[in-house]
Amino acid sequence: YAQWTANANIGYVLEVYEMGTDGTYPATPTTVYNFNDGVVGDERTVTPTVPTGFTLDVETENTAEKSVLTGKIPATGTLVLKAYYTRDQYTLYIDVDGDVTEEVYYYQQEIADIADPVKKGWTFTGWEPEVPATMPANDVTVVAQFTKNSYPASFNAGEGAFATGDKTVETDVPYAEPITAPANNPVRDGYNFKGWSTDGTNVIENLGRMDDDGAECIAVWEKAEVTVTFYNYLPSEKGPAVPEGQATYVYDQATYLYGETVVFPADPTIQGHEDHYVFIGWVDADGNAVEPGITAPSANLDIYASYERVKVMLIPKNDTCTTIIDRAGLTVDDYTADSEWYVYGLEEILSLNLLLNEYIDVQGDGKIVVTKIKDNSKYYGTGSIIDVYDNVTGELVESFRIIIFGDLDGDSVANGVDLSIMSEEVLGTTGWSIDGLDEYVHYLFKAANLRMDDVVNGLDRTLLNEHVLGVGFINQATAVVEY
């Protein structure tokens, strides 16, 4: 019989089909492996090495795609074995602040772009770890990363300002963190700072936490209450030294809101010195005038009475007396030791009491000192001296000579003695009426010049004689002899 030997070294192939990332197998093999160790009639089994991310598909219901890993070497043709690799699926976990969503991908499938998540008050900065471009052979968890935003908190001082002069101060506050006001409050002249608000009216004690739209706080102000005090001066032994060095007391006091009109009290006087000082208005501590109609300032205000001393000077006793005070057309401020000033309009037989009670007085805080020209007379006649002194300074303010017209010997009576004195002057025996001579006595000339013509002569003697004889009498206010 014929002897046969099976052919050896027969080739056979293994076709490998790898599922695509779309979940389907390709129509043609992905890889083909060729073998040449086959023997006709022998059975061959292959054990493929399945790559990472794949699983050998042996249970597929699609018979056309079922793996065939065992077969006999045919005498003719080629044994074709097939291995189908199913692509594994993995899950991408997307964690946004603990809220996890899932997306399933095939191994090596390109991962779709993930929309940036939004979180109020935060800025998305990326994923941790980074999202892979394609799905690896394992599940992946990515966690959204955020950084907290900061927003401006604006503090508007309104009509006030901060110490820097700025009207507004801004600070950046992290989202949801407490909003804190500036350490130093703004200031406003005439107002007190009450606090911060969102509407400029209602103070909010707790400014809350920062939201994602920022915050604007507006200063709330209330008018300051100030005290306005009016001071007057207390009297002293010599009268007040206004305003320095003299004690004061509260004359009037009231509180006002800033900007309110200040009510001024009635004009004050200094007790016991009402005739010595005249109130002239109100002044502040620097001596600046303060007029009625002012409004309350932003701080307490002290206002002081301002006085002017009544000028010390000789005045008639009253409006009805006949006293004439002759300062030669000048004023008390013009007085010097050489001034030739007179007081007349009096009467003969002039006593001190009559002079002080009926004819003269002192204005202001002064005193009168009267000195007789004739010591042995009870009366104050021509040439007697009226001195006026300032009680505060003690200074002589002015000095006058009493004139009793027709009285030339100073006994306060115009009689025959005076007529004889005038006769001697008219005859030239004496010279007391002639200005320029050593003998000149101005007050005698004044008392003798009855005609007021700047010369003493026989006409004046005649007038005096008529007075002495009782034919007429001298009007002491005018020196005119009236009949």
Side-chain angles (χ1 to χ4, degrees), residues 314-329 339-360 370-386 399-483:
L314 193 68
I315 58 174
K317 188 66 177 179
N318 52 55
D319 293 337
T320 62
C321 69
T322 58
T323 308
I324 303 296
I325 298 173
D326 183 359
R327 294 186 176 87
S339 297
E340 297 178 358
W341 293 358
Y342 311 104
V343 175
Y344 51 93
L346 308 174
E347 61 182 274
E348 294 181 71
I349 313 176
L350 182 66
S351 68
L352 182 60
N353 285 339
L354 186 61
L355 175 64
L356 297 179
N357 293 330
E358 299 292 335
Y359 289 102
I360 60 172
V370 185
T371 304
K372 289 184 291 186
I373 191 67
K374 196 168 185 176
D375 291 336
N376 60 356
S377 173
K378 295 190 301 181
Y379 304 110
Y380 291 77
T382 297
S384 296
I385 301 171
I386 301 175
S399 183
F400 301 85
R401 292 285 183 165
I402 291 175
I403 301 298
I404 302 295
F405 290 110
D407 170 31
L408 303 180
D409 65 351
D411 65 357
S412 193
V413 178
N415 55 25
V417 175
D418 302 297
L419 185 60
S420 296
I421 295 172
M422 186 180 286
S423 296
E424 291 179 1
E425 181 67 18
V426 171
L427 292 173
T429 304
T430 55
W432 48 260
S433 68
I434 301 173
D435 192 2
L437 295 181
D438 291 341
E439 295 87 349
Y440 177 68
V441 181
H442 64 88
Y443 56 85
L444 288 181
F445 168 76
K446 183 75 172 178
N449 186 21
L450 301 179
R451 297 180 69 251
M452 298 290 185
D453 58 1
D454 297 330
V455 62
V456 175
N457 54 28
L459 295 176
D460 297 300
R461 180 185 179 284
T462 300
L463 292 174
L464 177 55
N465 185 53
E466 291 177 347
H467 173 78
V468 173
L469 294 174
V471 177
F473 69 95
I474 300 173
N475 184 326
Q476 289 296 325
T478 63
V480 174
V481 177
E482 299 177 353
Y483 300 95

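Side chains included, hydrogens not; waters and symmetry mates left out as well; all remaining heavy atoms used. Fair warning: this is a prediction, and the values are worked out from it, not measured in the lab.
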Side chain to side chain donor-acceptor pair (under 3.5 Å) between N318 and T320, worked out: CA-CA 6 Å; N318 52 55; T320 62; 2.8 Å; yes
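Using a 4.5 Å heavy-atom cutoff, the side chains of E347 and I349 are not in contact. Inter-residue side-chain proximity for K374 and D409 is flagged as met; some heavy-atom pair is nearer than 4.5 Å. For the pair V343/R401, no side-chain contact is recorded, criterion being any heavy-atom separation below 4.5 Å from C-beta on. No side-chain heavy atom of I474 sits less than 4.5 Å from a side-chain heavy atom of L463. Annotation: side chain of L314 is not in contact with side chain of W341 (no heavy-atom distance under 4.5 Å).
With hydrogens and angles ignored, the 3.5 Å screen pairs a side-chain donor or acceptor of T382 with a backbone N or O of D407. No donor-acceptor pair closer than 3.5 Å links the side chain of K372 to the backbone N or O of Y379. Between the side chain of T323 and the backbone N or O of I360 there is no donor-acceptor pair closer than 3.5 Å. With S433 contributing its side chain and F445 its backbone, the two residues share no donor-acceptor pair below 3.5 Å. With hydrogens and angles ignored, the 3.5 Å screen pairs no side-chain donor or acceptor of T430 with any backbone N or O of W432.
Annotation: side chain to side chain donor-acceptor pair (under 3.5 Å) contacts involving residues 457-473, sequence neighbours excluded, comprise E348-H467, S423-R461, E466-Y483. Under the salt bridge (charged side-chain N to carboxylate O under 4.0 Å, His left out) criterion, no residue pair touches residues 418-445, with sequence neighbours excluded.
Residues L350 and S412 approach most closely at N-OG, 2.8 Å, considering heavy atoms. In terms of heavy-atom proximity, A448 sits nearest to L408 at CB-CD2, 3.8 Å. The heavy-atom pair separating A414 from L464 by the smallest distance is CB-CD1, 4.1 Å.
The aromatic rings of Y344 and F405 sit perpendicular to each other, their planes meeting at more than 60°, with 30° as the lower class boundary.
The only option from Y359, Y380, Y443 that meets the side-chain contact (heavy atoms from CB on, under 4.5 Å) definition with I402 turns out to be Y380.
To the nearest 0.5 Å, the span separating NZ on K317 from OG1 on T322 amounts to 14.0 Å. Rounding to the nearest 0.5 Å gives a distance of 7.5 Å between CG of D453 and CG of L459.
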